[in-house]
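Working notes for the structure below.
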Amino acid sequence: MMLYPNSPEAAKRLLTFLNASPTPFHAVHNAGVRLESAGFRKLREVDNWDNIIKPGGSYYFVRNQAALVAFTLPPQWKRGAGLSIVATHVDSPNLRASVRPVSKKSKAGYLQVGVETYGGGIWHSWLDRDLSLAGRVIISDSAGNFTSKLLKIDRPLLRIPTLAIHLDRNVNDSLKFNLETEMVPILGLIASNLNRSNNESSTSEEKASSVQKNHHPELLSLLAGELSVAPEEIHDFELALYDTQPSVLGGLDNEFVFSPRLDNLFSSFCAVDALSSFASSTNAAMLEGNVNCIALFNHEEIGSVSMSGAESNLVPSLLSRLSPTPESMAESIARSFLISCDMGHAVHPNYTSKHEENHAPVINGGVVIKTNAKQRYTSDAVSTFMVKQLIEKKGGKVQEYEVRNDMACGSTVGPHLSTIGMRTVDIGMGMLSMHSIRETGGSHDVQHAIDLFTSFFEGFAKLDQKLTA
């Protein structure tokens, strides 16, 4: 394991989180572990919270293992208090191995696994990589109970091989491939698995809930072995392919983070780290005004429309539980402020023309404020001013990003959440190669983001009192 002497401590903590979080399920689980170590209590949405939550308490809840909301109540908390929210997302473009209800494929002597593309990935970056599987598996026990367990196979297992240049002489002029027929990973050789398949074949009657015929028995045996269960105890799974190459620091001075899933586990880690550290500090006991909150959503890369996405009722549900009357709810929304943090596009040295010349953020240059007149980003004069004030309190730096007029603008969770009625700003940290299987961020920007979120949790309510708008 690399120790990275003289490198930012926050960046090293980020690496640990990235390497342990190949899927949204793992990211949410690891966020929960970090929060509980800081004294947060896990709540369940099915329970009544009225006799559980107390002023001065720290809590979190998870939905569908794929989204998380955590919050701290001020010592003098009253219903109608606003929420100071940092919102991120935990999903990234990848290849899903279980979105296909039937993944069993084979051709030309190879065992293959059917996958579906998720999000807008740079798919050629997945070719010739050492890939493995991670996600969640539904298993049963002898008592007839069912559990959704996390799985992460820590060795290279699959590969999507490119075609040799001798068979495609024009590949360097025009790399094009069919996502359905030419992006199918190989799992193994049929010949080497014949005996194993015969020995492990089941003669039991197939049940409606069985997945045994939908997937290679070799794959099911592998999953069962990892979970210490029998293959027939596996009832379903939701798996994704991930790159087994670890996240690392790089560059002459370790100024870069080379990693998959920086968009947007980078922001998610910083939000969890900042809230956990703040809740454990003496400043939390003196907090007045707003409820500090983080929201880690799923499915941003495909539009946020799901039970765990930003268009769900996750934040409205929290608002209504904390301020259950129409009047207190309206007061809470009016006092609230949301920082939508998603990674931003740093200027690329080989493609500088892709940025508007006065809006070209750099890696490790500090927080990037994103603006778009068409409201693809929600930042306006008021919300931008407030974020700049909070950054300034920690001695941080600000960068501005606005897309060129002749290019389409991306978006994130901010616009969805702003429809609740709360003030919102969209920010990010500069990175290169967004949506590649290996992305590049800044090791010093980790602390820059944490500093902003900490300043937000410490001082937003007081700053808000000074502003008339």
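As a basis for the values below, the full set of heavy atoms in this structure was taken, side chains included, without hydrogen atoms, waters or symmetry mates. Since the structure is predicted, the reported quantities are computational estimates derived from the model, not experimental observations.
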Centroid-centroid under 6.0 Å between Tyr59 and Phe71 rings: yes

Applying side-chain contact (heavy atoms from CB on, under 4.5 Å), name anything that partners [X], two or more places apart in sequence or on another chain.
| X | answer |
| --- | --- |
| Thr440 | Phe256, Phe258, Ile363, Leu432 |
| Ala230 | Glu232, Glu233 |
| Ser280 | Ala38 |

Option from Arg96, Glu116, Gln112, His215 for which side chain to side chain donor-acceptor pair (under 3.5 Å) with Ser103 holds: His215

Glu311, His299, Glu300 screened by side chain to side chain donor-acceptor pair (under 3.5 Å) with Ser306, the one that passes: His299

Check: Leu262 main-chain N/O paired with Glu439 side-chain donor or acceptor under 3.5 Å: yes

Exam field: side chain Asn64 to backbone Ala67, donor-acceptor pair closer than 3.5 Å: no

Pairs satisfying side-chain hydrogen bond (donor to acceptor under 3.5 Å, both in side chains), at least one member in residues 249-258, at least two apart: Ser7-Asn254

Closest contact, heavy atoms only, Pro24 versus Asn298: CG-OD1, 3.7 Å

Check residues 147-158 and write down every donor-acceptor pair under 3.5 Å in which the side-chain atom is one partner and the other belongs to a residue at least two apart or another chain.
residue	atom	partner	partner atom	Å
Ser148	OG	Gln65	OE1	2.6
Lys152	NZ	Asp154	OD1	2.4

Criterion side chain to side chain donor-acceptor pair (under 3.5 Å) on His26 and Ser21, from CA distance to verdict: CA-CA 5 Å; His26 291 82; Ser21 305; over 6 Å; no

Set of side-chain hydrogen bond (donor to acceptor under 3.5 Å, both in side chains) partners for Asp50, sequence neighbours left out: none

